[in-house]
Amino acid sequence: IEAIKRARSAGIRLVMVHVADPDAWFRTVYADASKFGTKADQYVGLQRMMELFPDMIWIGAHMAGDSEHPEHLEALLETYPNFYIDTSATKWQVREVSPRAEAHRRLLMKHPDRFLFGSDLVTRHHLTREHYVSRYWCQRTLWESDWVGPSPIADPDYTPTEGGAVTPTLRGLALPHDVLGMIYHDNAHRLLNLPTV
């Protein structure tokens, strides 16, 4: 609360938050709910902050940490007009948006002005060109096309079915060009109040 008060007094109006982690982690890494709480518990603080600071813009990283539950994302967007969502964390989004492609497509079509492109790609010396290319290819294919096929990214959180693929299936949402323009550029441009070129 104090950090946001200081940020606000310094003129900052955008806050990016990392809330929760994949459902898979709450079945494994955070399985002890008495220690970590449930995934739903992770959103209590965010909702309180958005209510305390409605004049701030809140951006939920990694599909707001809940791409497994598009109905929850819709409820957050409907309840908090100052809340936005970014698309970053490619492996996670391919794994969890793809099986719910139609629900996510409906959500992005309903709220195209509330989503921002994000890659979550960090530059590290040991990473190869293919590492970056595969992530951007997956992001573009997920949002821009109706392609269905295996993800080229190894995903340790993915559990293959018996005799199934070793990586998740990517199912493209085939978003319209105008919606993609908003997600890739226009929404960030507007939120950052950048001058029109």
Side-chain angles (χ1 to χ4, degrees), residues 16 18-25 59-78 83-124 127-192 194 196-197:
M16 178 172 263
H18 183 291
V19 181
D21 277 307
D23 280 8
W25 291 18
I59 302 170
H62 316 319
M63 293 297 279
D66 208 15
S67 50
E68 299 89 345
H69 305 280
E71 69 285 354
H72 178 230
L73 299 181
E74 180 161 17
L76 288 170
L77 291 169
E78 295 283 344
F83 185 59
Y84 293 76
I85 295 173
D86 100 337
T87 67
S88 64
T90 304
K91 282 188 292 190
W92 185 0
Q93 303 326 320
V94 167
R95 181 178 67 248
E96 303 299 348
V97 168
S98 291
R100 301 159 184 88
E102 280 307 311
H104 278 285
R105 189 177 197 283
R106 283 192 301 273
L107 180 63
L108 274 81
M109 294 293 290
K110 185 174 181 180
H111 300 283
D113 58 332
R114 305 281 289 283
F115 285 85
L116 306 158
F117 174 77
S119 69
D120 199 32
L121 282 176
V122 179
T123 303
R124 295 188 181 106
L127 296 176
T128 64
R129 179 179 184 276
E130 288 72 25
H131 175 85
Y132 299 102
V133 170
S134 67
R135 269 68 178 170
Y136 283 113
W137 182 87
C138 282
Q139 282 274 358
R140 292 195 63 192
T141 302
L142 183 64
W143 308 121
E144 296 176 23
S145 79
D146 61 0
W147 187 83
V148 176
S151 169
I153 303 173
D155 184 348
D157 294 320
Y158 174 68
T159 305
T161 57
E162 184 69 32
V166 295
T167 61
T169 297
L170 188 156
R171 274 183 184 59
L173 276 63
L175 295 170
H177 184 75
D178 60 328
V179 172
L180 290 167
M182 294 173 80
I183 294 168
Y184 285 160
H185 174 271
D186 298 348
N187 295 336
H189 199 268
R190 175 175 41 84
L191 288 177
L192 295 171
L194 297 173
T196 303
V197 177

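None of these values were measured; they are calculated from a predicted model.
In this structure, T90 and Y136 have side chains that are not in contact, with every pair of non-hydrogen atoms separated by 4.5 Å or more. I153 places none of its side-chain heavy atoms less than 4.5 Å from the side chain of Y158. Annotation: side chain of D157 is not in contact with side chain of K91 (no heavy-atom distance under 4.5 Å). H104 has its side chain within reach of S67: a pair of non-hydrogen atoms, C-beta onward, lies under 4.5 Å apart. Put simply, the side chain of L191 reaches to within 4.5 Å of the side chain of Y84, judged on heavy atoms. Within the 4.5 Å cutoff, no side-chain heavy atoms of E96 are placed close to those of P168. Inter-residue side-chain proximity for T87 and Q93 is flagged as unmet; no heavy-atom pair is nearer than 4.5 Å.
The structure places CG of L107 at 6.0 Å from CG of L73, a figure rounded to the nearest 0.5 Å. Remark: H111 NE2 to I183 CD1 distance equals 12.5 Å, nearest 0.5 Å. Rounded to the nearest 0.5 angstrom, T169 OG1 and W147 CH2 are separated by 8.5 Å. Atom-to-atom distance recorded for L142:CG and E144:CD is 10.0 Å, nearest 0.5 angstrom.
In this structure a side-chain-to-backbone donor-acceptor pair under 3.5 Å is present from T167 to S151. Between the side chain of N187 and the backbone N or O of M182 there is at least one donor-acceptor pair closer than 3.5 Å. Between the D86 side chain and the F117 main chain, no donor and acceptor come within less than 3.5 Å of each other. Side-chain atoms of S98 do not come within 3.5 Å of backbone N or O of R95 as any donor-acceptor pair. Of the possible donor and acceptor atoms, one in the side chain of R105 sits under 3.5 Å from a partner among the backbone N and O of A174. In this structure, the side chain of R190 engages the main chain of D113 through a donor-acceptor pair within 3.5 Å. No donor-acceptor pair closer than 3.5 Å links the side chain of Y184 to the backbone N or O of L116.
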Report the C-alpha separation of R171 and E102 in whole Å, then their side-chain angles, then the decisive distance to 0.1 Å, and conclude whether the side-chain contact (heavy atoms from CB on, under 4.5 Å) test is met. CA-CA 10 Å; R171 274 183 184 59; E102 280 307 311; over 6 Å; no
Report the C-alpha distance between H131 and L121 in whole Å, list the side-chain angles of each, state the deciding distance to 0.1 Å, and finish with yes or no for side-chain contact (heavy atoms from CB on, under 4.5 Å). CA-CA 9 Å; H131 175 85; L121 282 176; 3.9 Å; yes
Intermediate values then yes/no, side-chain contact (heavy atoms from CB on, under 4.5 Å), V179 and M109: CA-CA 7 Å; V179 172; M109 294 293 290; 3.9 Å; yes
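Nearest heavy-atom pair, L77 versus F83, reported as atom, atom and distance to 0.1 Å: CD2-O, 3.5 Å. L127 and V122 make their closest contact through CD1-O, 3.7 Å (heavy atoms, listed as atom of the first residue, atom of the second, distance). Between P152 and C138, the shortest heavy-atom contact is CD-SG, 3.4 Å.
Between W92 and H62, the ring planes lie tilted relative to each other; the angle falls in the 30° to 60° range.
Using a cutoff of 4.0 Å between basic side-chain nitrogens and carboxylate oxygens, E71 and R100 are not scored as salt-bridged.
At a cut-off of 3.5 Å, with distance as the only test, no side-chain donor of W137 or E130 sits close to an acceptor on the other residue.
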